[in-house]
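Data first, discussion second: the structure below is written as structure tokens.
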Amino acid sequence: MAVDELQAIIQRCQILEEADFKGEDFNLFQVAGQKCLEDGYAAQLLEVIQNEKNKVIIKNMGWNLISPLVRCIFMYKQEDDKREHCLRILDQLAQLCNPKELFLGLLEQIEQTSGEQVCQTVMLLLEPLQTVLLKLQNKKAYSVGLSLAMIMNQLTALPVPYTKQQIQEDKLGLCQCCNAVVDFAKPFVSEVVKNMEKSSEYNDMELKEELIKFCMQSLKYPLLAAQLEQLEGIEEHPFRHFATEITDILWNMGELIPLVFVHHKGKSPHWENQEFADIERKNSADSLACLSYLMFVQHFGVECLPVVFSPSYLLLCNMTHIEVLLKRTEESVLSKGLDLFESCLLRMEDNSLLHHYLELRSFINVPQDLVKIMTLCPMEHMRKKSLNILQLFIDKFDTEGKYTLFRCLLKTSNHAGVEGYIIKNIKDQIHLAVTKEYDNLWFTGHHLISLLDLVLSLPEGAETDLLQNSDRIMASLNLLRYLVIKDCESDNQTGVWTTLGKIEQNFLKPLRVGLNMSKAHYEAEIKNKKENRKEAQSSNTVCSVTVSGEKMPAMTTGMQLQVLHSALFTFDLIESVLARVEELIEVKTKAVMDENS
């Protein structure tokens with residue numbers, strides 16, 4: 001019987017000194033103990049472990065039982081007495097075993113677990129692991145850091161619940177497990193805080209650094225990917241609770257404000273391998289960006305924020321973080337970047353952001369990232385939000401800042417819709433310049449003429465694809481029409497009349513030629529399609545069409561004709577505005593000539 005075998009080994013070892021235990025004794029004890037557990041004799045094994053006479057044996061050999069013990073705990077049902085006996089054995093081992101040996105045994109179990117059992121295993125072993133770590137004297141900080149890193153590394157493989165239903169179900173137990181890990185870390189945080197309070201020159205930084213690493217890792221996962229908005233029907237949102245705990249740990253250790261405001265604080269590990277260094281830098285950037293989101297959007301720890309910082313300084317501090325978040329494609333991360341950007345901008349007065357900020361790379365990169373989201377993101381609500389935030393960003397700059405930003409976006413967006421939107425903004429700024437009493441140097445005179453050179457031009461002259469660039473062309477024509485109507489040639493407040501010859505040469509004439517060519521081409525295509533349809537047996541003949549080098553879904557001839565007619569309608573629209581602009585120029589020019597004669 002398994003119990004008899006175990007008792008025989010115990011009796012043999014009881015008469016030996018601790019130093020005389022051999023490898024064979026360890027193996028026999030492990031095999032017999034495992035057999036007791038597997039055969040259902042957990043109660044008898046518990047008695048053996050609790051027996052004071054066996055204290056030395058358990059201290060040296062007990063850690064070998066961890067693996068079979070964990071297997072059996074998961075094998076028995078919650079209400080089974082045998083499971084309760086196994087849990088008591090685990091508790092006894094944590095009290096009696098050699099801390100160093102048991103520590104390695106517990107970590108090995110966490111490392112070996114996978115899939116659905118990850119959270120179960122971690123939560124089962126957190127308490128004994130904490131007990132063991134609190135007993136350790138040597139390499140305590142290293143052991144705490146190793147434990148937290150191992151646990152978080154295992155959790156990182158699990159998907160983060162995002163929707164309300166997923167959070168409520170918490171199928172894999174991640175929400176519960178994350179908060180259990182924070183509770184596991186609290187005694188070590190308390191130890192650091194206590195030591196800091198004892199001495200203003202707290203020198204034992206190792207444990208503190210390991211806890212900061214844990215917080216940074218928690219910010220990257222799960223918090224960066226988590227849904228952190230308040231959800232109706234969830235009284236205590238598990239990830240909001242977790243975020244509160246993480247920010248509290250950083251605040252208690254005096255690291256919250258430095259991490260928010262001082263980028264790349266502390267010692268970065270030196271990696272000889274550049275790839276490792278890049279990974280470390282990226283992980284740190286993700287974590288710091290998430291921390292800023294927690295503070296400035298969700299207001300975790302915001303009560304700790306000094307009130308001396310100006311809104312423009314807060315934006316400056318956050319632009320690097322916003323850039324990090326906007327470069328990601330996951331909705332959970334991208335939305336955090338947009339929310340953080342919006343939150344910073346809403347703190348500011350319109351026209352208060354100085355143009356000097358555009359000398360900083362992030363202030364140029366972020367609006368370009370917004371443009372990419374507006375034009376490439378598959379989620380409509382994200383595209384709309386990006387557009388609103390871009391407008392908010394434009395509104396915050398002073399006049400020179402707006403002017404510089406417009407020039408930059410016109411040169412870099414490579415999207416007719418975005419260019420059209422910027423041109424509309426330019427028109428609005430010109431309107432403010434010519435209707436207000438104070439002088440506006442940037443949207444009148446030679447500065448405006450320089451900007452109009454960019455706006456009133458066709459990328460490839462008469463050969464430009466007018467259909468693809470229709471948004472930009474319509475916005476440009478509307479701007480020119482406004483200038484001609486609003487600014488008399490005698491006043492020439494905007495300077496448009498000075499450069500009219502150049503505008504006609506570079507924009508109006510090539511546009512007229514391009515329109516004639518495009519209309520002729522599309523009319524010929526329509527004629528061909530109609531003739532082909534008559535010859536075909538059915539008007540539902542399916543054809544393939546290629547647009548901008550990409551093959552479109554199969555289209556009937558009728559559908560193709562509809563597309564071609566739509567293109568002609570666009571050309572007619574452009575032509576009508578062009579004709580109106582030419583007419584206005586002619587009338588105003590003639591009026592001036594009549595006055596002079």
Side-chain angles (χ1 to χ4, degrees), residues 66-80 83-84 86-87 89-91 93-94 102-133 143-189 210-211 213-228 231 234-246 249 287 290 330 332:
I66 292 294
S67 179
L69 192 59
V70 170
R71 282 200 304 273
C72 287
I73 288 170
F74 289 139
M75 186 174 69
Y76 296 127
K77 290 182 179 176
Q78 197 75 27
E79 63 280 359
D80 198 318
R83 188 177 193 276
E84 185 58 36
C86 288
L87 290 171
I89 291 170
L90 183 60
D91 181 57
L93 293 178
L102 187 59
F103 167 68
L104 294 172
L106 291 168
L107 270 198
E108 186 180 14
Q109 281 306 297
I110 292 171
E111 185 180 20
Q112 289 177 353
T113 189
S114 62
E116 294 183 6
Q117 284 201 331
V118 168
C119 290
Q120 295 176 48
T121 305
V122 168
M123 284 191 285
L124 174 67
L125 300 181
L126 278 177
E127 192 175 332
L129 185 57
Q130 186 188 68
T131 303
V132 170
L133 286 169
S143 301
V144 169
L146 183 62
S147 302
L148 288 168
M150 178 76 73
I151 290 166
M152 294 307 293
N153 189 53
Q154 288 292 77
L155 295 182
T156 304
L158 303 177
V160 178
Y162 190 73
T163 65
K164 178 182 173 181
Q165 185 180 348
Q166 288 170 345
I167 291 169
Q168 286 176 320
E169 288 177 356
D170 192 21
K171 276 187 180 178
L172 298 178
L174 181 65
C175 302
Q176 187 183 353
C177 189
C178 285
N179 286 296
V181 175
V182 170
D183 291 337
F184 164 82
K186 280 181 180 177
F188 310 109
V189 176
E210 294 298 344
L211 291 167
K213 283 181 193 173
F214 161 66
C215 291
M216 293 289 276
Q217 198 168 359
S218 299
L219 289 165
K220 181 174 170 59
Y221 176 95
L223 291 176
L224 187 60
Q227 162 66 271
L228 292 166
L231 296 172
I234 298 182
E235 193 170 326
E236 187 171 32
H237 191 311
F239 288 128
R240 287 183 67 86
H241 181 263
F242 184 61
T244 303
E245 296 282 8
I246 293 297
I249 289 173
S287 301
C290 184
E330 310 94 312
S332 58

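With sequence neighbours left out, Asp170 forms a side-chain contact (heavy atoms from CB on, under 4.5 Å) with Pro161, Leu174, Cys175, Gln176. Judged as a side-chain hydrogen bond (donor to acceptor under 3.5 Å, both in side chains), and not counting sequence neighbours, the contacts of Glu245 are Lys186, His241. Under the side-chain hydrogen bond (donor to acceptor under 3.5 Å, both in side chains) criterion, Ser287 pairs with no residue at all, not counting sequence neighbours. Under the side-chain contact (heavy atoms from CB on, under 4.5 Å) criterion, Ser114 pairs with no residue at all, not counting sequence neighbours. Looking at residues two or more places apart in sequence or on another chain, you find a ring pair (Phe, Tyr, Trp, His ring centres under 6.0 Å) between Phe188 and Phe184. Qualifying salt bridge (charged side-chain N to carboxylate O under 4.0 Å, His left out) partners for Glu330, counting only residues two or more places apart in sequence or in other chains: Arg328. Judged as a side-chain contact (heavy atoms from CB on, under 4.5 Å), and not counting sequence neighbours, the contacts of Glu169 are Gln165, Lys171. Applying the side-chain contact (heavy atoms from CB on, under 4.5 Å) test to Pro187 and every residue at least two apart in sequence or in another chain returns Gln130, Leu134. For Arg83, there are no side-chain hydrogen bond (donor to acceptor under 3.5 Å, both in side chains) partners, not counting sequence neighbours.
The shortest distance between side-chain heavy atoms of Leu102 and Pro128 does not fall below 4.5 Å. Side-chain contact between Thr113 and Val70: absent, with no pair of heavy atoms (C-beta onward) separated by less than 4.5 Å. At a threshold of 4.5 Å between non-hydrogen side-chain atoms, the residues Leu69 and Ile73 count as touching. Using a 4.5 Å heavy-atom threshold, the side chains of Leu107 and Leu125 count as separate. Residues Leu129 and Ile110 are in side-chain contact: their nearest non-hydrogen atoms beyond the backbone lie under 4.5 Å apart. Using a 4.5 Å heavy-atom cutoff, the side chains of Val132 and Ser143 are not in contact. When side chains are defined from C-beta on, Ile151 counts as touching Leu126, because their heavy atoms get closer than 4.5 Å.
The two residues Gly105 and Ile66 have their closest heavy-atom pair at O-CG2, 4.0 Å. Across all non-hydrogen atoms, the minimal contact from Ser147 to Phe103 is OG-CE1, 3.1 Å. Closest approach of Leu148 and Leu211 over heavy atoms only: CD1-CD2, 4.0 Å. Met152 approaches Val181 most closely through the heavy-atom pair SD-CG1, 4.5 Å. Asn153 and Gln217 make their closest contact through N-NE2, 4.0 Å (heavy atoms, listed as atom of the first residue, atom of the second, distance). Between Met123 and Ala180, the shortest heavy-atom contact is CG-CB, 4.2 Å.
Under the 3.5 Å distance criterion, with hydrogens and angles disregarded, no donor-acceptor pair is assigned to the side chains of Thr244 and Arg240.
More than 12 heavy atoms of other residues, nucleotides or ligands sit less than 6.0 Å from atom CD of Gln109.
Applying the salt bridge (Lys or Arg N to Asp or Glu O under 4.0 Å) test to pairs two or more places apart or on separate chains, those with a residue in residues 213-223 are Glu210-Lys213, Lys220-Asp286. Here ring pair (Phe, Tyr, Trp, His ring centres under 6.0 Å) pairs that include residues 148-171, with residues two or more places apart or in two chains, number zero. Note on residues 103-125: no pairs pass salt bridge (Lys or Arg N to Asp or Glu O under 4.0 Å), not counting sequence neighbours.
Looking only at distances, no side-chain donor or acceptor of Tyr221 sits under 3.5 Å from a matching main-chain atom of Val160. His237 contributes a side-chain N or O that, together with a main-chain N or O of Gln227, makes up a donor-acceptor pair within less than 3.5 Å.
The side-chain contact (heavy atoms from CB on, under 4.5 Å) test with Ser218 singles out one residue from Leu224, Leu155, Ile246, Val182, and that residue is Ile246.
Remark: Cys86 SG to Met75 CE distance equals 7.5 Å, nearest 0.5 Å.
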